Amino acid sequence: MLVDVGLPDGHGFALTEQLVALPWEVCVVLMSSDADRTTMRAAHRAGADSFLPKDEFSSVVMRQLIEGG
């Protein structure tokens with residue numbers, strides 16, 4: 001799942017924690033326009049598999065995420 005850190009009705013870190021607690025495996029990639037190291041570390045602490053700064057998001061990256069690369 002591709003999850004934005006800033007959600008209109010909640011927070012992406014909290015959603016990530018809920019998703020990874022599900023009884024089945026969920027791959028979570030958190031995104032944010034605030035790509036400093038604190039955000040990256042916080043994404044991993046929340047259980048995200050990866051963190052992607054929004055300015056690095058492209059169709060190539062999306063294809064890699066879909067294909068599991």
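Because the structure is predicted, anything quoted here is derived from the model rather than measured.
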Check for a donor-acceptor pair, side chain of Asp49 on one end and backbone N or O of Val28 on the other, with a separation under 3.5 Å.
-> yes
Which residues satisfy the side chain to side chain contact (heavy atoms under 4.5 Å, CB included) test with Ser58, sequence neighbours excluded?
-> Val60, Val61
Excluding sequence neighbours, so at least two apart, what forms side chain to side chain contact (heavy atoms under 4.5 Å, CB included) with Glu25?
-> none
Atom CE of Met31 and atom CZ of Phe57: how far apart are they, to the nearest 0.5 Å?
-> 5.0 Å
pair Val26-Met1: side-chain heavy atoms closer than 4.5 Å | yes
Distance-only check: which donor-acceptor pairs under 3.5 Å involve side-chain atoms of residues 6-23, not counting sequence neighbours?
from, atom 1, to, atom 2, distance (Å)
His11, ND1, Phe13, N, 3.3
Thr16, OG1, Gly12, O, 2.8

With Asp4, which residues qualify under side chain to side chain donor-acceptor pair (under 3.5 Å), at least two apart?
-> Lys54
